[in-house]
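Shown next, in structure tokens, is the structure this report addresses.
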Amino acid sequence: MSGSSQEAPPLGPSGGNSAAPDAAAVAEDFKDKGNIEYRAGRFLKAAALYTQGLKADPTNAVLYSNRSAALLALAKTTKAVADAEECIRLRPDWDKGYFRKAAALEALDQMPEALHSYQAALERKRDSKQLAEKVRLLQKIVSKQQQQAAVAAAAARSEPLSAAEGSVKR
């Protein structure tokens, strides 16, 4: 007895019957189309395609990572951070989510937080020269910012009297 009505449904990743492979394939198609748009510099279209892919497979960390990059290119930094954080939640051992988060935090001028995320990415991909360079660069920037803040705080504590305060005679 052969026929299409007798075929077994596809097996899911856990071995059970599931429609997940179809959803994963749909998501992958949207990802591929989004990547084409991203490479062409059409970031809004890319983000929309990644969003469609996430509707098909909301557990796809790569789509969150890619959409984060597209949103960052559109200067939607808060949303880029949120997508990077979801990517990290879904795949905590993958460096790309941390890299995306760091890039968005850097764009928000949150350098200590960006440094922390770049370091987390480097811990997961120790052989990355790009990540190692970003960590070195951000360490210098954060150190300089901390020094400037310390100088400003010290100056504020020992600030001379204002002109109005200095002209009061007793």
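Predicted model, so just to flag it, every value in this text is computed and none were measured.
- Hydrophobic clustering keeps Ile88 apart from Leu108 (ILVMFWY residues linked when any side-chain heavy atoms are closer than 4.5 Å, directly or through intermediates).
- Expressed to the nearest 0.5 Å, how far CG of Leu90 lies from OH of Tyr64 amounts to 6.5 Å.
- Side-chain N or O atoms of Tyr98 include one that pairs as donor or acceptor with a backbone N or O of Pro92 at under 3.5 Å.
- The two residues Ala27 and Ala56 make their nearest non-hydrogen contact at N-CB, 4.1 Å.
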>> Does Lys76 form a side chain to side chain contact (heavy atoms under 4.5 Å, CB included) with Leu72? I'd like the steps, not just the answer.
In response: CA-CA 5 Å; Lys76 296 188 179 296; Leu72 181 57; over 6 Å; no
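- Judged by distance alone, with hydrogens and angles left aside, the side-chain atoms of Arg100 form a donor-acceptor pair with the main-chain N or O of Ser65 at under 3.5 Å.
- Remark: Lys79 does not engage Asp83 in a salt bridge, criterion side-chain N to carboxylate O under 4.0 Å.
- Side chain of Arg124 to backbone of Ala120: a donor-acceptor contact under 3.5 angstrom is found.
- Cluster annotation: Ile36 and Phe43 are assigned to distinct hydrophobic clusters (Ile/Leu/Val/Met/Phe/Trp/Tyr, side-chain heavy-atom contacts under 4.5 Å, transitive).
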> What do the steps show when you test Val62 against Arg91 for side chain to side chain contact (heavy atoms under 4.5 Å, CB included), and what is the final call?
Replying inline: CA-CA 9 Å; Val62 173; Arg91 284 184 64 184; 3.8 Å; yes
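- Within the structure, every pair that satisfies the side chain to side chain donor-acceptor pair (under 3.5 Å) test and touches residues 136-148, not counting sequence neighbours, is listed here: Glu133-Arg136.
- The residues Glu106 and Lys134 are annotated as salt-bridged, a charged nitrogen and a carboxylate oxygen being separated by less than 4.0 angstrom.
- Summarising the geometry of Val81 relative to Ala104, their closest heavy-atom pair is CG2-CB, 3.4 Å, with the distance given to 0.1 Å.
- No side-chain heavy atom of Arg67 sits under 4.5 Å from any side-chain heavy atom of Leu63.
- No side-chain heavy atom of Tyr50 sits under 4.5 Å from any side-chain heavy atom of Phe30.
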> Where do Leu105 and Ser117 land on the side chain to side chain contact (heavy atoms under 4.5 Å, CB included) test, with the steps shown first?
Replying inline: CA-CA 9 Å; Leu105 290 169; Ser117 289; 3.9 Å; yes
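- Considering all non-hydrogen atoms of both residues, Tyr38 and Ala46 come closest at N-CB, 3.7 Å.
- Taking a cutoff of 4.0 Å between a charged side-chain nitrogen and a carboxylate oxygen, Glu37 and Lys45 do not qualify as a salt bridge.
- Between Thr77 and Ala107 the shortest heavy-atom distance is CG2-CB, 3.7 Å.
- The CE atom of Met111 sits 10.5 Å away from atom CG of Leu115, with the distance rounded to the nearest 0.5 Å.
- Atom OG of residue Ser68 and atom CD of residue Glu86 lie 11.5 Å apart, to the nearest 0.5 angstrom.
- Atom-to-atom distance recorded for Cys87:SG and Phe99:CZ is 12.5 Å, nearest 0.5 angstrom.
- Atoms CG and CG, from Leu49 and Leu54 in turn, are 11.0 Å apart once rounded to the nearest 0.5 Å.
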>> Apply side chain to side chain contact (heavy atoms under 4.5 Å, CB included) to residues Asn35 and Asn66 and explain how you reach the verdict.
In response: CA-CA 8 Å; Asn35 290 350; Asn66 290 7; 3.0 Å; yes
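- Note: Trp94 CH2 to Lys125 NZ = 10.0 Å, rounded to the nearest 0.5 Å.
- Cluster annotation: Leu44 is not connected to Leu71 through the hydrophobic network of ILVMFWY side chains, with a link wherever side-chain heavy atoms come within less than 4.5 Å.
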